[in-house]
Amino acid sequence: MLPLPQFTRRVLGPAVFFALAALLSAAEPERLTFCSYNLKNWLTMERSIGKPPTPKPETERAQVVKTLASIHPDILGVCEIGTADDLAELQQHLQAAGVDLPYTELAHGGDPSRRLALLSRLPIKTRNTQTTLTYQIGAQTLPFQRGILDVTIAITPTFDLHLLGVHLKSMRTVSEADQAEMRRNEARLLRLHIDSIFTQEPGACILAYGDFNAHRNEPSLAEIMGSPRSAETSLTDVLLRDANGEVWTHFWDTADIYSRLDYCFTSRLLRPHIDTRSSYVHADRDFYKASDHRPLVLKISPEPILK
């Protein structure tokens, strides 16, 4: 809601002013809360060299749930979750905390351990998750490590939201190929998938989100966003900030480096539905007790917002 000018209160008087403000607020459609969050290994894995695999520590899981309960998302997209049992565990913990998200999708690629998941209060209308995508570097055929989570949710009878969750190749050096080149190839596969959606549904409302493991000026992000000259099919970066105006989403404690690695990209017809004034990077003093990433929060209006 646009704030009423201060002089309006003086002219109308307090009682009429507050009644008018309440009427305008009630007339606004309710915003849906979308959250994108890298959970930092909510799975069973070897956490110390030579030690047997263990689940994510209970204290970290509890902090994740506390964080998400404070956000109270209607739709939650997560990175770095393990099996279907891990997803069910997260779902149950959230439900106990008052966040009921009964509809889910679990996605994977070539990585046998870390997966993507989506949990939603609203039913999932269609599923088109991509799990077997590959690309070539020289003579090698390499898998898209975490695949593309692809679901469509009907926000209203006339507003379908396409949600594309990704977790691109990390910046960690590997023996198979150059990590930046691997990430750019995965980004190209995501762009091709986005283009296929636009081919089938021109003007689709697409939200591509997740941990892209790239800085804003890197070629992989340009690949995903597409040419700004092709307004109908390009995506726009929704620049989110925390309460202090900071944009970082990841903290690498070993090197004391704060980076923006998590993003939300929107298609042209989705942009008017994003309440940018109410969207943010979630700031919590104890964020590191849950994950090395901070959640992104978007407020989505069922109706276009007049700005």
Side-chain angles (χ1 to χ4, degrees), residues 1-3 21-37 71-78 99-107 116-130 148-166 190-210 224-240 263-280 295-307:
M1 181 184 72
L2 293 175
L23 181 63
L24 289 173
S25 179
E28 281 194 342
E30 181 185 357
R31 306 307 196 234
L32 292 173
T33 300
F34 169 80
C35 177
S36 173
Y37 194 12
I71 296 170
H72 209 91
D74 297 294
I75 304 171
L76 169 64
V78 301
V99 183
D100 190 14
L101 302 172
Y103 304 101
T104 64
E105 175 80 346
L106 186 64
L116 302 161
L118 181 134
L119 304 90
S120 175
R121 179 177 62 80
L122 303 174
I124 294 173
K125 181 177 179 179
T126 61
R127 305 170 191 264
N128 190 28
T129 289
Q130 305 294 303
I148 303 171
L149 187 151
D150 180 348
V151 301
T152 301
I153 293 176
I155 305 301
T156 72
T158 58
F159 176 18
D160 282 353
L161 177 60
H162 295 265
L163 292 142
L164 305 180
V166 296
L190 175 59
R191 181 68 241 183
L192 290 171
H193 187 67
I194 291 167
D195 289 340
S196 72
I197 295 173
F198 281 126
T199 298
Q200 296 173 25
E201 186 183 338
C205 289
I206 296 175
L207 170 59
Y209 67 89
I224 292 165
M225 295 172 68
S227 172
R229 297 175 183 174
S230 303
E232 297 302 315
T233 59
S234 64
L235 301 184
T236 297
D237 174 16
V238 182
L239 179 58
L240 301 175
Y263 300 83
C264 289
F265 298 110
T266 60
S267 61
R268 184 181 67 84
L269 291 186
L270 178 58
R271 289 168 217 154
H273 292 271
I274 305 300
D275 185 352
T276 53
R277 294 175 300 177
S278 301
S279 301
Y280 57 94
L296 304 182
V297 181
L298 283 187
K299 297 292 185 174
I300 303 174
S301 170
E303 302 296 332
I305 299 168
L306 298 177
K307 299 179 180 180

Practice item. Step by step, work out the side chain to side chain contact (heavy atoms under 4.5 Å, CB included) result for Leu76 and Leu101. Key: CA-CA 8 Å; Leu76 169 64; Leu101 302 172; 4.0 Å; yes
_Qualifying residues under side-chain hydrogen bond (donor to acceptor under 3.5 Å, both in side chains), relative to His193, sequence neighbours excluded_ =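 Once residues adjacent in sequence are excluded, the partners of His193 under the side-chain hydrogen bond (donor to acceptor under 3.5 Å, both in side chains) criterion are Asp150.
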For [X] versus [Y], what's the shortest heavy-atom pair and its separation?
X: Ser234; Y: Ser227; answer: CB-O, 3.3 Å
X: Thr156; Y: Pro302; answer: CG2-CB, 3.7 Å
X: Ile224; Y: Arg191; answer: O-NH1, 2.7 Å
X: Ile206; Y: Phe198; answer: CD1-CZ, 3.7 Å
X: Pro272; Y: Leu269; answer: CD-O, 3.5 Å
X: Leu161; Y: Ile300; answer: CD2-CD1, 4.0 Å

message: Could you go through Arg127 and Leu149, starting from their C-alpha distance and side-chain angles, then the distance that decides it, and tell me whether this counts as side chain to side chain contact (heavy atoms under 4.5 Å, CB included)?
response: CA-CA 8 Å; Arg127 305 170 191 264; Leu149 187 151; over 6 Å; no
Is any side-chain heavy atom of [Y] closer than 4.5 Å to one of [X]?
X: Thr233; Y: Arg268; result: no
X: Thr104; Y: Ser120; result: no
X: Leu298; Y: Leu240; result: yes
X: Ile124; Y: Glu105; result: yes
X: Val297; Y: Ser279; result: no
X: Val238; Y: Leu296; result: no

Atom pair [atom1]/[atom2] of [X] and [Y] - distance to nearest 0.5 Å:
X: Ile155; Y: Ser301; atom1: CD1; atom2: OG; result: 10.5 Å
X: Asp160; Y: Thr126; atom1: CG; atom2: OG1; result: 7.5 Å
X: Ile194; Y: Leu190; atom1: CD1; atom2: CG; result: 4.0 Å
X: Asp74; Y: Asp100; atom1: CG; atom2: CG; result: 11.0 Å
X: Met225; Y: Ser267; atom1: CE; atom2: OG; result: 12.5 Å
X: Ile75; Y: Leu119; atom1: CD1; atom2: CG; result: 11.0 Å

message = Does Arg271 form a side chain to side chain contact (heavy atoms under 4.5 Å, CB included) with Leu235? I'd like the steps, not just the answer.
response = CA-CA 9 Å; Arg271 289 168 217 154; Leu235 301 184; 5.7 Å; no
| task | Check step by step if side chain to side chain contact (heavy atoms under 4.5 Å, CB included) holds for Lys299 and Ile274. | result | CA-CA 6 Å; Lys299 297 292 185 174; Ile274 305 300; over 6 Å; no
For His273 and Glu303, which I'm curious about, is there any donor-acceptor pair between the side chains at under 3.5 Å?
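No - no donor-acceptor pair under 3.5 Å links their side chains.
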Glu232 backbone acceptor or donor facing Ser230 side chain under 3.5 Å: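 Looks like no, no N/O pair under 3.5 Å.
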Only one of Tyr37, Phe34, Tyr263, Phe265 passes ring pair (Phe, Tyr, Trp, His ring centres under 6.0 Å) with Tyr209; say which it is.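 Answer after filtering Tyr37, Phe34, Tyr263, Phe265: Phe34.
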